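Here's the structure we're looking at; comments come further down.
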Amino acid sequence: MSDLDEAYQLDYFEEEGFHRQECASCGDMFWSRVERETCGEPPCAEYDFIDNPGFDESHSLTEMREAFLSFFEERDHERIEPYPVAANRWRDDVLLTQASIYDFQPLVTSGTTPPPANPLCISQPCIRMQDIDNVGKTGRHTMAFEMMAHHAFNAREDIEDPEQYAYEGEVYWKDETVRYCDELFEEMGANLDEIVYIEDPWVGGGNAGPAIEVIYRGAELATLVFMSMEQDPDGEYEMKDGNRYSPMDTYIVDTGYGLERWTWMSQGTPTVYEAVYPDMIAFLKDNAGIELTDEEERIVHEAAKLAGRMDIDEAEDIEAERDTIAAEVGVEVAEMRELMAPLEDIYAIADHCRTLAYMLGDGIVPSNVGTGYLARMVLRRTKRLVDGVGVDAPLDELVDMQAERLDYENRDTIRDIVRTEVEKYRETLDRGGRRVRQLADEYAEKGEPIPTAELVELYDSHGIQPDMVEEIAAEKGVSVDVPDDFYAVVAQRHGGDDTATEESQMPYEDRLAELPETDRLYYEDQQRTEFEAVVLEVFDRDDGDFDVVLDQTMFYPEGGGQPPDQGTLSTDDVSAEVTDVQQYGDVIVHTCDDDPGKGEFVRGQVDATRRQRLMQHHTATHIVIHSARQVLGEHVRQAGAQKGTDSARIDISHYESVSREEVKEIERLANDIVQDNIAVTQEWPDRNEAEERYGFDLYQGGIPAGEQIRLITVGDDVQACGGTHVARTGDIGAVKLLNTERIQDGVIRLTFAAGNAAIEATQRTEDALTEAADILDVAPDAVPETAERFFDEWKARGKEIEQLKEQLAEARASGGGDSEKVDVGEATAVLQRIDADMDELRAQANAIVEQGNIAVLGSGLDGAQFVVSVPDGVDVDAGEVVGELAGHVGGGGGGPPDFAQGGGPDADALDDALDDAPEILRTVANV
RNA sequence: GGGCCCAUAGCUCAGCGGGAGAGCGCCGCCUUUGCAAGGCGGAGGCCCUGGGUUCAAAUCCCAGUGGGUCCA
């Protein structure tokens with residue numbers, strides 16, 4: 001086992017006369033030009049730049065960003081445009097971009113794909129939700145920030161096959177990285193003697209390496225990471241996460257310079273927020289009516305300087321820390337808190353609005369899943385803060401202030417989304433409020449506190465925070481039992497570890513890996529369906545079929561939501577049906593019902609009709625999503641797709657349900673594109689060029705690996721896509737939207753058909769309409785009107801029948817009919833058999849009871865059924881009587897004492913049962 | 001991707017195996033100088049859809065649809 005100590009023995013440190021020292025407070029090892037007590041990072045030291053800027057000139061955010069980027073441009077770094085904050089658009093292991101290196105994981109860092117430039121510099125917007133509780137309070141934490149960075153991607157040359165990686169050789173490594181850092185500080189006018197480089201090995205995402213934290217005047221301004229190791233159980237280095245790591249073939253300079261911190265350092269304002277969004281803070285303060293006296297200003301100012309110590313993760317007890325700070329400033333804790341709280345909220349609002357602007361601007365749609373859920377949480381939290389602190393500007397306006405500053409072009413959509421979402425939240429709160437009030441009333445009556453179980457239910461199922469329950473309950477004078485570990489209780493309720501989805505294993509993976517790459521003929525000519533090939537290998541499958549590998553193929557393997565081709569492979573002797581085609585690595589495997597024979601020449605024939613339909617649907621998918629973007633907005637993005645031969649579906653991100661009008665508009669636009677008969681073209685450009693030219697919207701269906709990517713262009717629409725397409729849009733024939741459904745909040749599924757399938761789908765719909773029209777005996781276009789009339793009449797008749805039944809019952813009750821009267825003690829019972837349904841029996845019984853008599857009615861209409869009803873004041877339990885009667889017909893029954901129903905399957909025994917009724921009545925009445 | 005909750009009158013909801021209810025709103029009449037309010041009467045329900053269990057389902061079970069919510 002060895003540690004990384006020697007990794008920090010840089011020539012640069014020696015040349016510049018740095019000393020390695022140990023922090024007297026935290027014990028960390030650090031390097032600096034002059035001897036010092038501590039490492040200089042809070043809590044070992046305090047901020048030393050507030051009111052005392054650490055740089056020569058005050059910079060705005062924009063100026064600082066430009067200063068950084070041009071500094072590195074002058075030193076041969078290429079400036080790269082930032083990536084979206086929604087990192088799940090290019091990788092599936094994370095939701096949000098949390099660092100600049102995220103842009104290059106995993107394909108670039110692993111050496112599979114070349115970086116867009118090498119070396120490069122960038123200022124990458126990032127969002128870190130884990131800092132959410134610190135925002136506003138510590139004076140330095142923001143949820144949204146820009147990580148300025150320079151990166152260099154190096155690959156070792158002393159390995160067997162240096163060319164296996166997408167980049168070769170060393171650009172630069174540790175010494176240069178630290179030197180750049182020093183030079184940047186120097187250029188900004190910092191005092192180099194005050195800079196501290198702390199040794200702080202880095203671990204994350206399966207990689208690790210030595211790293212350096214750069215501290216200046218109490219603030220961590222940069223982190224220099226030298227990513228050079230990967231997780232390896234046999235590795236020689238054990239890192240702080242307890243895992244072992246070994247060196248890897250690529251090694252990468254990964255730096256992070258916090259734009260906000262640098263801006264703050266240049267201004268020396270009490271908090272980072274005032275340096276970063278001075279206008280918005282001023283607006284919010286003014287709007288919330290916050291005005292401070294000079295003395296109050298002094299307190300806030302002093303407290304802000306010391307607030308650096310507060311970090312919910314690090315300070316052991318944030319309240320204790322507040323006590324200390326208050327004492328040092330010379331005020332009561334309560335007074336300080338009262339003064340600080342609204343300011344903290346305002347800082348948080350500004351930051352959260354920026355977070356929202358990033359999220360929504362980059363196309364995240366609020367939802368109950370994924371990044372959309374995070375956006376919803378941030379928005380709701382922000383709304384609560386805004387209301388709490390008394391800012392009365394609409395939230396969409398506040399978010400727009402940031403969106404404008406960030407130069408987003410889709411500001412109208414962003415505002416629309418915020419408005420929609422605020423309204424949804426209001427409805428949730430309304431619903432929740434009613435629910436809680438009702439519950440509070442209930443427990444107020446019982447005189448009990450609202451139990452934890454109810455609280456968990458309210459939160460988990462209805463999204464009502466416990467503090468809201470407490471507030472409302474207090475109005476009703478009910479206490480609430482909120483346990484300290486409330487969120488743990490909620491988490492427990494979810495329980496269960498998710499079962500990992502098992503990847504289907506290829507039984508002969510090793511042998512497949514040795515086979516050469518299959519030549520993909522379907523890309524050379526997408527319209528051709530015949531080809532010849534040599535059988536390279538045949539595997540016997542467990543199910544009796546055969547997996548056939550060819551040197552080249554026209555068969556499209558399943559991928560990108562497009563099902564595999566089918567068809568035949570034939571030799572002179574054998575004709576094998578191809579039922580499935582899959583791709584494993586670079587090798588395409590055809591599953592066949594017969595063995596064509598290894599080494600044989602085969603003629604391949606792809607099922608042309610099937611292929612044609614799949615291609616029509618695939619190209620139509622591109623057209624529909626393009627049309628949907630035109631109609632619904634630029635935020636529309638593919639969230640999944642499946643093509644078929646009869647229909648296809650795409651799931652798109654959108655924040656409200658799609659109206660019938662919008663559906664028609666999308667359909668019309670799509671068919672315009674079809675009628676324009678535009679050529680559908682494919683090309684294989686360099687991926688970085690393609691990204692630069694078209695941006696990230698290329699990747700609607702996932703991100704492909706490799707140096708070249710395949711682009712499909714349909715008019716204005718360009719997408720990275722591996723599927724097969726028709727030659728011209730006119731080949732699609734027609735596009736028909738069949739259905740829209742909301743599969744989750746923020747995701748709409750559009751189902752549609754193309755070509756003949758569109759005609760067939762239309763015919764099915766028309767068949768249904770025609771059939772309905774035939775039944776109603778009207779013309780198809782009169783169906784809605786007629787159906788409405790019929791429905792109205794049907795309801796009117798129902799009511800009429802109801803009334804007639806009541807009249808009939810009254811008539812029967814007074815007219816006698818074939819009824820029998822029996823004395824039961826003081827009372828008289830009317831026994832009657834009328835073969836009618838339950839409704840009629842009930843009406844009849846009511847009529848008899850109104851005359852003061854007991855009703856015992858039987859019906860043989862559907863099995864045997866009884867209704868027994870007893871007037872007020874007569875001591876006979878109807879339920880018991882029915883129970884006895886029903887026993888005779890093999891069933892059961894019951895009900896309240898004054899009205900009971902029952903029955904049984906044996907209708908033949910009905911009359912016998914009624915004959916026994918007098919005796920049953922007398923027994924039950926006990927007379 | 002997973003968990004939980006909900007669907008009954010125009011609105012908000014109660015009922016949770018036996019007769020479909022309340023409050024608000026609506027219509028009419030009464031009281032009142034008028035308004036606010038009050039009294040009396042009335043209209044208004046495919047109890048989300050489809051299966052199942054049961055003598056009997058708004059109610060229990062299953063599936064679907066629509067909505068809400070929490071978590072990863």
Side-chain angles (χ1 to χ4, degrees), chain A residues 88 92-95 129 367-374 376-377 380 424-425 427-435 437-439 441-442 453-465 486-501 639-640 656-657 739-745 747 790-792 794-799 802 806 837-846 849 855 858-870 878-879 882-883 885-907 909-910 913:
Chain A
N88 62 340
D92 54 14
D93 55 336
V94 291
L95 295 175
M129 298 283 290
S367 163
N368 61 333
V369 293
T371 48
Y373 181 63
L374 300 181
R376 172 166 290 170
M377 286 302 99
R380 292 186 174 188
K424 277 190 186 176
Y425 186 42
E427 279 169 21
T428 295
L429 289 182
D430 279 358
R431 244 193 320 272
R434 282 195 299 267
R435 214 178 179 92
R437 263 181 280 279
Q438 206 174 314
L439 206 64
D441 282 339
E442 195 182 307
E454 295 278 14
L455 223 52
V456 171
E457 166 81 12
L458 283 170
Y459 177 71
D460 202 25
S461 298
H462 305 287
I464 304 160
Q465 249 84 9
F486 177 76
Y487 291 96
V489 176
V490 174
Q492 203 177 13
R493 198 167 124 122
H494 290 273
D497 35 343
D498 17 351
T499 46
T501 46
E656 54 192 2
S657 53
N739 188 36
T740 66
E741 61 183 314
R742 215 196 57 147
I743 56 168
Q744 50 182 240
D745 215 5
V747 181
F790 276 33
F791 188 59
D792 286 345
W794 174 79
K795 284 197 284 191
R797 266 170 220 193
K799 279 175 219 164
E802 195 74 16
E806 272 168 41
D837 63 26
M838 263 315 191
D839 281 344
E840 212 169 318
L841 255 55
R842 276 199 292 265
Q844 178 80 10
N846 285 339
V849 165
S859 162
L861 198 64
D862 180 20
Q865 290 179 306
F866 302 101
V867 170
V868 174
S869 190
V870 180
V882 164
L885 287 169
H888 282 67
V889 293
D898 63 330
F899 187 97
Q901 322 167 38
D906 189 2
L910 176 63

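In this text, all values refer to a predicted model and were calculated from it rather than measured experimentally. Hydrogens, waters and symmetry mates play no part in the numbers below; they use all other heavy atoms, side chains included. Each chain gets a letter, A, B and so on, in the order the sequences are listed, and its residues count up from 1.
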Checklist outcome for this item: Residues at least two apart in sequence or cross-chain that pass side-chain contact (heavy atoms from CB on, under 4.5 Å) with D460(A), listed by chain then number, are V490(A), R493(A), H494(A)
Would you mind reading off the distance between [X] atom [atom1] and [N] atom [atom2], rounded to a whole angstrom?
X	N	atom1	atom2	value
R435(A)	C5(B)	CZ	C1'	7 Å
D837(A)	G19(B)	CG	C1'	14 Å
E806(A)	G19(B)	CD	P	15 Å

Checklist entry - With the sugar-phosphate defined as primed atoms, P, OP1 and OP2, and the base as all remaining atoms, what B/S/- string results for nucleotides 45-68 of chain B, 5' to 3', for protein heavy atoms under 4.0 Å? => result SB--------B----------SSB
Checklist entry - Given the P atoms of C6(B) and A14(B), what is the spacing between them in whole Å? => result 9 Å
Checklist entry - Can you find a pair of side-chain heavy atoms, one from L841(A) and one from Q901(A), that are under 4.5 Å apart? => result no
Next on the checklist: If you assign Y425(A) and A900(A) each to the RNA chain B nucleotide with the nearest heavy atom, which residue ends up on the more 5' nucleotide?
Outcome noted: A900(A)
Item to check | 5′-ward residue of the pair Q744(A)/D898(A) relative to RNA chain B | outcome: Q744(A)
Checklist entry - With Watson-Crick and G-U wobble geometry limited to distances under 3.5 Å, how should the secondary structure of RNA chain B be encoded in dot-bracket form, using | for bases paired to another strand and [ ] for crossing pairs? => result (((((((..((((....[..)))).(((((.......))))).....(((((..]....)))))))))))).
Item to check | Working for side chain to side chain contact (heavy atoms under 4.5 Å, CB included), residues D898(A) and V849(A) | outcome: CA-CA 10 Å; D898(A) 63 330; V849(A) 165; over 6 Å; no
With heavy atoms under 4.0 Å as the rule, sort [X] into base, sugar-phosphate or nothing.
X	result
D839(A)	nothing
V369(A)	base
R437(A)	nothing
N739(A)	nothing

